[in-house]
Amino acid sequence: MDNPRVEVDLYKLKHNSECIVEMCKKNNINVMGVTKVFCAIPQIAEAMVAGGVTFLADSRIENIIGLSNIEIPKVLLRIPMHSEIEQLVTYADYSLNSELSTIEKISKESMKQNKKHKIILMVDLGDLREGVWYEDVGKTVGEIVNLGGIEIAGIGTNLTCYGGVIPSNKNLSVLSDIAVQLREKFKFPIPVVSGGNSSSIHLIEKGQMPSGINNLRIGEAIVLGRETAFGKRLTGLYDDVFTLYGETIEIKNKPSVPLGDVGMDAFGGTPKFVDKGMRNRAIIAIGRQDIKFDDLIPVDKNVQVLGASSDHLIIDITDSNKDYAVGKEIAFRMGYGSLLHSMTSRYVRKVIKNSES
Ligand SMILES: *Cc1c(COP(=O)(O)O)cnc(C)c1O
């Protein structure tokens, strides 16, 4: 059984990685390739490495463990749980941190394993997700500077994730200034100043990246070929590295508005319908367990996604001149949410290709 499935083109992924790495290199920025959206499938991660990323980064320790055979520094992106610290020290070289108690536990475990684990201290510049509040960084560094088993390898920030704050020259300059102050005060190098994720790319494009920023952690821009502060396509990058295929299980002409009183749908929402008369509708065998229907984009521009339940995706094919039929496949581009869901869903097969060979 082939469907539903996601096809990944390694050639295009490598190309996108090369473009991002090249663009960053011109600004003296190195790249952590972020693998979480494709669940760190090693073959795909290898294509990122072939494209020139300097580190592999993921938010899940399971994914990092799965990358053990790839010889490149690994970074745990999500602030570690106390319960995963033994594995963290065993399998990852770096982690992003913000809690003293966690860093102390990492220090202990590292000394036990006779290692030096590298800490990137996260700084909250106002997005209100993880990080030490930007005014308190010096104090926190003072508390961890003498711990054994760890090295304060850098500072970093994360924007546009929770609060939607857009990276700017101004807020990232605060981060690079903090690095300068820490180097002066504590007399150590702070080699990594990590200025965020794919939402920071627009600053490079505009020539507004503060010169003190020397690292970015990039997932979406590589996999979907776009920056994420404004959702703009990046020139020269592929936006079709991943393609989702689903199979048609019903095609019928039906009214566009349900019969009877409309209550809640299966997910507690109240659906709204526009009366367009009778429409030709297809059901695709994929659902909310596998995708987020509102960010699926049919490759056939004349097809419209109407909605989805757990296992059924309903599309309107009335305006298409293609020959849809039960048993045939339909292809979709995916937004970040659908990509994350489909790669995570065990009901969706993953097919790895290479359009170069
Ligand atoms: C997911 C993640 C990234 C990568 O974000 P993209 O938008 O995919 O580039 C970077 N940093 C952290 C901490 C993350 O969790």
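Read the numbers this way: they start at 1 and go in the same order the structure lists the ligands and their atoms.
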(message) Please evaluate residues V8 and F38 with respect to the criterion side-chain contact (heavy atoms from CB on, under 4.5 Å), reporting the C-alpha separation (whole Å), side-chain torsions for both, the decisive distance (0.1 Å), and the verdict.
(response) CA-CA 10 Å; V8 191; F38 55 85; over 6 Å; no
(message) What I want to check is whether the side chains of S194 and N215 have a donor and an acceptor closer together than 3.5 Å.
(response) yes
Mind checking what makes side chain to side chain donor-acceptor pair (under 3.5 Å) contact with [X], not counting sequence neighbours?
X: T160; answer: S199
X: S168; answer: N171
X: K353; answer: E7

(request) Look at the side chain of D127 and the backbone N and O of Y162, then say whether any donor-acceptor pair between them is shorter than 3.5 Å. (result) yes
N/O to N/O under 3.5 Å, ligand 1 against protein:
unit_1	atom_1	unit_2	atom_2	d
ligand 1	8 (O)	E220	N	2.8
ligand 1	9 (O)	S198	N	3.0
ligand 1	9 (O)	S198	OG	2.5
ligand 1	9 (O)	G219	N	2.8
ligand 1	9 (O)	E220	N	3.4
ligand 1	11 (N)	N158	OD1	3.4
ligand 1	11 (N)	R217	NE	2.9
ligand 1	11 (N)	R217	NH2	3.4
ligand 1	15 (O)	K36	NZ	2.6
ligand 1	15 (O)	R129	NH2	3.4

